[in-house]
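Each ligand, and each atom within it, is numbered from 1 in the order the structure gives.
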Amino acid sequence: MRLRLAINGYGRIGRCFLRALMFSPLRDRFSVVAINEPSDLESMAYLTRFDSTHGCFPGSVDVGDGRLRINNEEIQVFHAREPAGVNWADLGIDILIEASGRYSFRHELESFLGAGCERVLLSHPGNSATDVDRTIVYGLNHDLLTGTERIVSAASCTTNAIVPVLSILDQAYGLDHALLTTLHSVMNDQPLIDGYHHADLHRTRSAMQSMIPVSTGLARGVARLLPDLAGRIEAKAIRVPVVNVSAIDLVAHLERPTTVVDVNALLREAADGRNSGRMSYTAAPHASIDFNHSPHSAIIDAGQTRMSGDRLLNLLIWFDNEWGFANRMLDVAACWGERMA
Ligand SMILES: NC(=O)c1ccc[n+]([C@@H]2O[C@H](COP(=O)([O-])OP(=O)(O)OC[C@H]3O[C@@H](n4cnc5c(N)ncnc54)[C@H](OP(=O)(O)O)[C@@H]3O)[C@@H](O)[C@H]2O)c1
């Protein structure tokens, strides 16, 4: 039986999730029955049809009777700003894809359960580990899902990119300490030109004119998934004026010596083997735009691997922060669904 999904917040991730699902081999496992988004129906249909980053929707998008019809599938649309503003119970929602980014605390997320959703899958990390029942990076720890969870986080795009790489390095060489710098594309929480847009002053500055340092919970996010590395990872993030595709610059001090050739061979083997479909590897000369619409969570740029001495490693890892992450959310939803059966 198909699981009934709803999407709360139909922005970049909400729309990417829907598009990824519509053309996925996992398609038959789900029906999208509802979308809740403050914007109006016509605008929602328009931004489904036309996407400046991922191109035109390769199917049909219509509106009628207050519904969105995508590939002839009817989706009910709501415009509430509160979880209780939709009668989710009447819709029989098995999993709510929470992609508004507005809810991080358990008591907030439980409002969706109280309003009738069976389960919530979050497109960002919970405020703390205990605000969700599990934080899942598909490919790393999805086997922990039992199907009994009510609130699961699919972590973040950056966590999905870096955690598998750190885990592989730690197993092969022992990870002493690491520093991560995320170069992240602009997001809708930044203004196009300077404006009173956000309480964080960095996010009041024009997204397209500057590289802008912003706060990040990535170090905490890594420690949540790889507790043995807690206290040994630090991170910072810089928003850069590109509309999509991000990178992580990783500096890692290893416990055991190695070489550039050895590290690249290790990561290539992982990308071709057990991490296939989620990690990839390239030795070609690239610019970030080359990875737009890549479904991978991490692309190892082998030509940028460096070592200072035999223990200080520097890696460059690319990822499509929208499309890669939306595909991992879909993987988590499918895996969770299997376990519910
Ligand atoms: N973009 C990425 O690369 C990326 C990657 C991984 C994870 N994420 C995470 O995914 C979440 C969404 O990010 P995004 O980039 O998709 O943001 P976005 O483009 O701003 O989309 C969020 C959408 O949710 C709507 N919304 C706001 N409050 C709502 C509410 N109370 N109920 C229902 N809908 C509401 C927003 O409408 P208004 O604009 O009218 O408020 C907007 O249309 C964030 O937590 C983000 O950290 C983003």
Side-chain angles (χ1 to χ4, degrees), residues 6-20 34-41 43-48 51-54 77-86 88 96-105 108-109 111-112 115 117 120-127 131-132 135-138 153-163 182-192 197-198 200 203 207 214-218 221 237 239-240 242-248 288 291-295 297-298 318-332:
I7 299 174
N8 191 64
Y10 196 50
R12 297 306 306 155
I13 293 303
R15 294 196 296 277
C16 280
F17 179 88
L18 181 115
R19 200 185 263 233
I35 299 177
N36 179 48
E37 157 61 41
S39 185
D40 62 280
L41 179 57
S43 303
M44 291 166 68
Y46 177 78
L47 286 184
T48 306
D51 189 300
S52 306
T53 302
H54 300 289
V77 171
F78 302 90
H79 306 286
R81 280 210 181 257
E82 300 300 327
V86 178
W88 302 106
L96 178 85
I97 305 298
E98 200 321 273
S100 75
R102 301 289 157 145
Y103 308 101
S104 301
F105 294 92
E108 297 171 331
L109 294 160
S111 310
F112 288 106
C117 293
V120 180
L121 176 58
L122 199 54
S123 71
H124 62 275
N127 184 62
D131 282 300
V132 296
T135 301
I136 298 293
V137 165
Y138 190 82
S153 161
S156 67
C157 53
T158 44
T159 315
N160 275 270
I162 196 65
V163 161
T182 304
L183 305 168
H184 199 289
S185 63
V186 296
M187 288 177 69
N188 275 331
D189 62 355
Q190 296 172 269
L192 199 53
H197 196 76
H198 207 286
D200 172 6
R203 289 178 168 90
V214 292
S215 58
T216 174
L218 182 57
R239 295 279 176 86
V240 294
V242 294
V243 293
N244 191 35
V245 181
S246 301
I248 294 177
S288 60
F291 305 110
N292 192 54
H293 210 67
S294 163
S297 291
W318 301 103
F319 56 105
D320 180 327
N321 40 285
E322 295 184 345
W323 194 248
F325 181 75
N327 276 280
R328 289 304 80 69
M329 268 198 104
L330 186 50
D331 289 339
V332 175

**Report entry** Asn292 side chain vs Val245 backbone, donor-acceptor pair below 3.5 Å
**Finding:** no
Report task. Let me see the working for Asp51 and Arg19 under side chain to side chain contact (heavy atoms under 4.5 Å, CB included), right down to the final yes or no. Result -> CA-CA 11 Å; Asp51 189 300; Arg19 200 185 263 233; 3.6 Å; yes
**Report entry** Listed partners of Ser185 passing side-chain contact (heavy atoms from CB on, under 4.5 Å), at least two apart
**Finding:** Val242, Asn244, Ser246, Asn321
Requested in this report: Would you indicate whether the side-chain heavy atoms of Glu98 and His124 approach each other to under 4.5 Å?
Outcome: yes
**Report entry** Approximate separation, where rounding is to 0.5 Å, of Met329 CE and Asn160 CG
**Finding:** 10.0 Å
Report summary line: Separation between OH (Tyr10) and CG (Leu41), nearest 0.5 Å, reads 10.5 Å
Query raised in the report: Taking any residue with a non-hydrogen atom under 4.0 angstrom from an atom of ligand 1, which ones do you get?
Result: Asn8, Gly9, Gly11, Arg12, Ile13, Asn36, Glu37, Pro38, Ala80, Arg81, Ala99, Ser100, Gly101, Arg102, Tyr103, Ser123, His124, Cys157, His184, Met187, Asn188, Asn321, Glu322, Phe325
